[in-house]
2 protein chains.
Amino acid sequence: MHAFRNRLAQYSDIPDKVWNVIQDIGTKPGHFKAGADIIRVGEITDSLFIISTGWATRFRTLEDGRRQIVNFMLPGDIFDLQALARMEADHSVSALTDVSILSISPQKFIRKMRESGEVSSAFWWAAVQEESILREQAVRLGRRSARERIGHLLLELQRRMNGALGSNAEQLSLPLTRVDLADALGLTPVHVSRTMSAMRSAGLIEEHRGLVLIRDRQRLARLSHFDPDYLHLRKLDYSRFSEDTPDVPSKVV
Amino acid sequence: MHAFRNRLAQYSDIPDKVWNVIQDIGTKPGHFKAGADIIRVGEITDSLFIISTGWATRFRTLEDGRRQIVNFMLPGDIFDLQALARMEADHSVSALTDVSILSISPQKFIRKMRESGEVSSAFWWAAVQEESILREQAVRLGRRSARERIGHLLLELQRRMNGALGSNAEQLSLPLTRVDLADALGLTPVHVSRTMSAMRSAGLIEEHRGLVLIRDRQRLARLSHFDPDYLHLRKLDYSRFSEDTPDVPSKVV
DNA sequence: CGATTCATTGATCGAGATCAAAATTGGTGG
DNA sequence: CCACCAATTTTGATCTCGATCAATGAATCG
């Protein structure tokens, strides 16, 4: 339930201390049903949110109905630092699953940031990571093939979920339809389906209900050119947990 | 020469005051030749930059040479607020033209931010705008056709350049090759060339050397679904300056 | 179980990629 | 001012990845 604490542990040596300060700010719990809007275009949001459970998505809808998912928000993710600027949202955020959140008042948040350098650098790290993920999304959309996009996104989400859960699993609970994936990856649902079938046949992944199992991380990472540096995680040594040694030992794949 | 001041004027009523504070922080001028690296992957940058003249670009290069330009940095743009986190760059920034910059020490910057609410909200606005532009880039790459991408980017750049120069011109000095455009738009240079030829024949734009003239803003905006809300500019009434009335009068196209 | 949503499969199409060559443009130095 | 060279843009011919259209097959859920 302390997804944010877990995430911080990927970066800071003192996640508990920071986490205590956060709680001390005074957070208000909230809940959104799957499908509900969390932030609507054109509205001004006047609080920050930390997701404690569930998935949300940030997207833009074009006039003719096309939709582009800009990123996924997982447990432990914080948004919108934008809210501090009291500007109208130019995009929407909505709940993909049932989502529970903690909301924080911007005023209190800013005060705490000023008081503690450790806290503010933790948040700054989170903001930088988020922007980095967004840049990688642009690269994925602009310069990768369908198969690369899917593999790359799966590996990213798995990494991020492990970070949020404090786990180290090869499997990922993925509450996304082919339409969601397509809208995130700039593809059609039909093509996502076909490509993922091929990936299953190739022994790269397995799927059971909403569970995705990464069967061959090495190969999947290679073929999708996944390099997790952009997540700015401290080097968790994944190789310790896997049978085969990576071909580039110095780098964690 | 005060591109940053001009940009602020799009947002704040007191650009001069903010600008004075910036200068007061102590900025150090610098210069990069066209093609030079400003930030290299893997390095930690320890200062902030404001571009005063010239264009720079932020991009990622994949192992096999594919390149994706993530965004363009124009006069008045500030980067990298990331530098405050002292994290390794996961992408590169390099000068497209000769670029002159002002660099600011992060420590001094943070101190000033704390001292003045007006200054910090001005910078916050700039950061939010930048992120917004990045999101729009993702939408462009994921869900728009080649013609829409090109039209949309041209209109964005024109708007941003006008903001930086404090001007209101229908023409844009565009120091980009077809390869640059292709790398920004997720296309091939060949296709960019063909599509732009078609746009010229259609009377949408004109090109002379590095100058692009927007011939038919209305039509170009409509066909590329350009809606400048994401730039979070205060509503500059462009319709005052154009002959024909927009079909949606309330919105500035 | 029916009914609705979601995933898969098949057939065909088309926007943009690729490969290759020709035409412009822009320096640079004589 | 002109001739030459390198970089850039354009044009042409062809191919391919992913889109589109349409139908069938699971799941999931009252």
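Numbers restart at 1 for each chain; the letters A, B, ... are given by sequence-line order, proteins then strands. This structure is a prediction, so every number in the text was calculated from the model and none was measured.
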Roughly what angle, to 10°, lies between the helix axis at the start of the helix from dC1(C)-dG30(D) to dG30(C)-dC1(D) and the one at its end, five pairs per end?
50°
What is the 5' to 3' range of DNA chain D, first to last nucleotide, that sits under 4.0 Å from any heavy atom of chain B?
dT9(D) to dA13(D)
Ordered by number, residues from residues 173-190 of chain A within less than 4.0 Å of DNA chain D (heavy atoms) are Gly186(A), Leu187(A), Thr188(A), Val190(A)
Between Gln129(A) and Leu233(A), is any pair of side-chain heavy atoms under 4.5 Å apart?
yes
Pairs satisfying side chain to side chain donor-acceptor pair (under 3.5 Å), at least one member in residues 27-36 of chain A, at least two apart
none
All ring pair (Phe, Tyr, Trp, His ring centres under 6.0 Å) counterparts of Phe59(B), not counting sequence neighbours:
none
Which residues in residues 202-214 of chain B have at least one heavy atom lying under 4.0 Å from any atom of DNA chain D?
none
Sub-4.0 Å heavy-atom contacts from residues 137-147 of chain B onto DNA chain C, ordered by number
Ser145(B), Ala146(B)
Please identify each residue that fulfils side-chain contact (heavy atoms from CB on, under 4.5 Å) with Val41(A), with sequence neighbours left out.
Ser92(A)
Using a 4.0 Å cut-off to any heavy atom of chain B, which nucleotides of DNA chain C are the first and last in contact, reading 5' to 3'?
dG16(C) to dG26(C)
Hey, does Ser132(A) have a side-chain heavy atom less than 4.5 Å from the side chain of Leu231(A)?
no
Any pair counted as ring-ring contact (aromatic ring centres under 6.0 Å, His included), so long as it reaches residues 144-189 of chain A, sequence neighbours left out
His152(A)-Phe226(A), His152(A)-Tyr230(A)
Less than 4.5 Å apart, any side-chain heavy atom of Pro75(A) and any of Met161(A)?
yes
Under the side-chain hydrogen bond (donor to acceptor under 3.5 Å, both in side chains) test, which residues partner Glu131(A), sequence neighbours left out?
none
Strand contacts (DNA chain D) in residues 62-69 of chain A, 4.0 angstrom heavy-atom criterion
none
